[in-house]
Amino acid sequence: MSIGVIGAGKWGSALHFALSENHDVLITSRTPRAIKNFVTLEEILACEYLVISVPAQQVARWLQENFVFRGQKVLVASKGIEASSGRFLNEIYSEYIPDENIAFLSGPSFAVEVIQSLPTALVINAKNETIAKEFAAFFPSFIKTYISEDVVGAEIAGAYKNVIAIAAGICSGLELGNNAAAALISRGLVEMERFGSVYGAQKDTFLGLSGAGDLFLTASSTMSRNFRVGLGLAKGLTQEEILEDLGEVAEGIGTAYALRDIAQKNELYLPIATEVYAMLEGKSPQESLRDLLTN
Ligand SMILES: NC(=O)C1=CN([C@@H]2O[C@H](COP(=O)(O)OP(=O)(O)OC[C@H]3O[C@@H](n4cnc5c(N)ncnc54)[C@H](O)[C@@H]3O)[C@@H](O)[C@H]2O)C=CC1
Ligand SMILES: O=C(CO)COP(=O)(O)O
């Protein structure tokens with residue numbers, strides 16, 4: 001049995017660290033890194049189990065240029081919706097990997113805490129219960145794992161909460177208070193659950209770790225990159241300035257664009273996501289938050 005991680009950013013590196021507690025785990029990324037067990041992509045693709053943490057906006061192209069399916073079992077660790085097409089990750093991956101070979105990771109999990117072995121709970125979502133259980137068994141004891149069949153629900157929750165976290169960051173940056181933050185976060189949860197129901201997602205997924213759990217984490221902490229994007233917008237910085245400062249992925253940005261397109265095409269009411277999109281496009285945060293929070 002062999003396990004390989006693809007993507008040595010914050011999350012790929014943290015998962016490599018965690019999975020290495022009980023197994024010999026290989027890792028690769030676009031640029032070589034001085035990490036133990038760093039190997040070429042070719043070597044990783046020969047592994048039986050793969051964990052892929054290539055960001056949502058880049059993954060379609062990455063798969064097209066690099067991926068070769070040889071029967072591997074794959075755990076997707078990214079969270080986001082492709083902005084250019086509005087496709088969910090499970091749709092993008094389904095062009096390369098059959099349903100019975102793929103699982104999706106969700107739940108509240110800052111990489112910086114995983115890398116310190118702090119207690120964390122994650123959900124492995126897969127149509128095929130056997131592979132969910134196989135991946136769950138690889139995690140060390142400080143990570144409590146749950147399994148679920150609600151792939152689409154977990155995916156939507158994981159992607160959508162990043163957009164709500166941007167809104168929460170703006171709310172905090174504008175110093176609108178705790179009442180406003182709680183209103184925004186709880187309305188955000190309702191909004192993402194309502195959106196999920198259009199795609200057949202289960203309500204319970206939004207009430208558990210993948211939904212409320214990850215939303216509360218990300219929308220209430222400056223440790224979240226998406227929350228920090230919101231703080232930057234509240235300061236009047238442009239998207240480009242914020243991203244340069246951040247130096248890391250903030251999936252909520254691409255996902256806000258994807259949600260706005262999906263909402264327009266399907267006439268869906270997604271008020272918070274639509275305002276986040278508008279602010280990313282230059283609408284005043286004060287005006288947006290007033291539109292969201294007052295009558
Ligand atoms: N950092 C965290 O705490 C968590 C992150 N995630 C998700 O994991 C995914 C990755 O995030 P991070 O590792 O934190 O981001 P990061 O910004 O630290 O690293 C991004 C990684 O993606 C790779 N990458 C970027 N563009 C690429 C391309 N065109 N082709 C191939 N590889 C490319 C980079 O080389 C790097 O390894 C995101 O979807 C994020 O939402 C999920 C849970 C926790
Ligand atoms: O998904 C995450 C925690 O579960 C990480 O959130 P950020 O990308 O906003 O840092």
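For ligands, and for the atoms within them, numbers begin at 1 and follow the listed sequence. Position 1 is the first residue of the sequence, and the numbers go up from there.
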Closest protein heavy atom (residue, atom, distance) for atom 4 (O) of ligand 2: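 It is D214 OD1, 2.7 Å.
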Protein heavy atom at shortest distance from atom 6 (O) of ligand 2: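 In this structure, atom 6 (O) of ligand 2 has K161 NZ, 3.5 Å as its nearest protein heavy atom.
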Part of E251 within contact of ligand 2 (heavy atoms, under 4.0 Å):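 E251 to ligand 2: no contact under 4.0 Å from either part.
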Location of contacts on N226 toward ligand 2, heavy atoms closer than 4.0 Å: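 Both the backbone and the side chain of N226 come within reach of ligand 2.
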Aromatic plane relationship, Y96 with F67 - under 30° parallel, 30 to 60° tilted, over 60° perpendicular: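 Perpendicular, since the angle between the ring planes exceeds 60°.
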R194 atom CZ, over 12 foreign heavy atoms within 6.0 Å: yes
Ligand-residue contact atoms, ligand 2 with [X], heavy atoms, under 4.0 Å:
X	value
G107	4 (O)
S109	3 (C), 4 (O)
S224	7 (P), 9 (O), 10 (O)

Validation row, ring centre F139 to ring centre F135 under 6.0 Å: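 That pair fails the under 6.0 Å test.
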Residue pairs passing the side chain to side chain donor-acceptor pair (under 3.5 Å) test where at least one lies in residues 29-39, sequence neighbours excluded: D24-N37
R61/E82 ion pair, N-O < 4.0 Å: no
Salt-bridge criterion met for E155 and K161 (N-O under 4.0 Å):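 Result for this pair is no, no salt bridge flagged.
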Intermediate values then yes/no, side-chain contact (heavy atoms from CB on, under 4.5 Å), T40 and E43: CA-CA 5 Å; T40 63; E43 284 172 82; 3.2 Å; yes
Residue pair Y49 / E134, side-chain donor-acceptor N/O under 3.5 Å: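 The answer is yes; a qualifying pair exists.
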Donor-acceptor side-chain pairing of N125 and S106 below 3.5 angstrom: yes
Residue shell around ligand 1, heavy atom under 4.0 angstrom: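 For ligand 1, the residues that come within the 4.0 Å heavy-atom cutoff are G7, A8, G9, K10, W11, R30, R33, S53, V54, P55, Q58, W62, A77, S78, K79, S109, F110, A111, R225, E248, V249, E251.
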